[in-house]
Amino acid sequence: MLKIGVLVSGGGTNLQAIIDNIESGYISKAEIVTVISSNPNAYALERAKKHNINAVCIRKHDYADFDGYMKAMENHIDSCGVELIVLAGFMTVLSKEFTEKYKNKIINIHPALIPSFCGDGFYGLKVHEAVLKKGVKITGATAHFVNDETDGGPIILQKAVAVEDNDTPEILQKRVMEQAEWKILPEAIKLISEGKITVSGNKVRRI
Ligand code: GRF
C-alpha cells in the first residue's frame with residue numbers, strides 16, 4: 001500500500017475527495033497515514049478526525065526559523081513512512097531542499113490549466129478572478145509534481161471546465177473543484193499507487 005501524507009490549510013474538500021475514493025475502493029493501493037495542516041482551524045483537520053486519520057498541525061510560526069519548520073515537517077513525514085506527499089489546498093511555501101529531498105514524490109492540485117493562471121500569487125479565488133478578468137471560455141485544474149518552481153513541476157493530469165457568462169469567482173471555483181479538482185487529484189494518486197506513470201525530465205508518461 002502506498003503511504004500518503006496529505007498537506008492542507010483550509011476547507012479540505014480535496015482531502016475529502018481522496019478519503020471518499022479510498023473508502024469506496026476506487027483507490028485500493030494507497031492509504032492516508034497522516035494529514036498535516038498549516039492552520040489549526042482548518043476544517044480539513046475535522047474531516048481527518050471524522051475518518052480516524054492521524055492529523056497534526058505544524059505551524060511555521062511555532063518555529064524559530066523557516067528551516068526549523070521544514071525540519072519539523074520532514075521529521076513528521078519520515079516518521080510516518082510517507083511515500084507520496086499530496087498538497088491539497090496547502091498554502092505554505094516549501095523550501096527548495098524539501099522539494100529536492102522528495103523529488104517526484106510531491107504532487108499538487110492547481111485550480112487552473114497550467115501554464116495559464118499559475119505561479120506566484122495565483123492561488124484560491126485569485127486564480128478564478130484572473131480567469132474571469134481575462135475572459136477565457138475554458139479553464140480547469142491541473143495535477144502536477146512539485147519542484148522548486150511554483151506550479152512548475154511535471155504535469156500528471158488536467159481536466160477542462162467551461163466558464164459560464166454569469167460566473168462569479170466563487171461559482172467558478174466551485175465548478176472547477178466539483179468537475180475537475182475532486183476528480184483528477186484522486187485519479188493521479190490512483191495512477192501513482194498502481195505504478196502506472198513514469199516521469200522523465202519534465203514529462204509524465206502512462207505505462
Ligand atoms: C481551493 O482554492 C482549491 O481550488 C485549491 O485549494 C483551495 C482549497 O481547497 N486546490 P480545499 O477545499 O482545502 O481542498
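We count residues from 1, following the sequence as given. Ligands are counted one by one from 1 in listed order, and the atoms in each one are counted from 1 as well.
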Q: State which residues pass side-chain hydrogen bond (donor to acceptor under 3.5 Å, both in side chains) with Tyr43; sequence neighbours excluded, sorted by chain then number.
A: Lys50

Q. Atoms of ligand 1 less than 4.0 Å from Gln173 heavy atoms?
A. 1 (C), 2 (O)

Q: Give a yes/no verdict on whether any heavy atom in Gly124 is under 4.0 Å from an atom of ligand 1.
A: yes

Q: Please identify which atoms of ligand 1 are closer than 4.0 Å to at least one heavy atom of Glu181.
A: 3 (C), 4 (O), 5 (C), 10 (N)

Q. Distance under 6.0 Å and angle within 45° of the ring axis: does Lys134 meet both against Phe117?
A. no

Q: Considering only NZ, NE, NH1 and NH2 on the basic side and carboxylate oxygens on the acidic side, decide whether Lys96 and Glu100 come within less than 4.0 Å.
A: yes

Q) Can you list the ligand 1 atoms lying under 4.0 Å from a non-hydrogen atom of Met177? A) 1 (C), 3 (C), 9 (O), 12 (O)

Q) Who are the side-chain hydrogen bond (donor to acceptor under 3.5 Å, both in side chains) partners of Lys105, not counting sequence neighbours? A) none

Q) Are Glu194 and Lys190 close enough for a salt bridge, meaning some N to O gap below 4.0 Å? A) yes

Q: Measure the distance from atom 13 (O) of ligand 1 to every protein heavy atom, then report the residue, atom name and distance (to 0.1 Å) of the closest one.
A: Gly12 N, 2.8 Å

**Q.** Sub-4.0 Å atoms of ligand 1 with respect to non-hydrogen atoms of Ile109
**A.** 10 (N)

Q: Any chance you could measure Gln158, atom CD, to Thr142, atom OG1, to the nearest 0.5 Å?
A: 3.5 Å

Q.
I'd like to know if Asp65 and Lys60 make a salt bridge, using a cut-off of under 4.0 Å between side-chain N and carboxylate O.
A. no

Q: May I ask you to identify the nearest protein heavy atom to atom 6 (O) of ligand 1, giving residue, atom name and distance to one decimal place in Å?
A: Gly89 CA, 3.2 Å

Q) To the nearest 0.1 Å, how far is atom 12 (O) of ligand 1 from its closest protein heavy atom, and which atom is that? A) Thr13 OG1, 2.6 Å

(Q) Closer than 4.0 Å to some heavy atom of Pro111 - which atoms of ligand 1 meet that? (A) 4 (O)

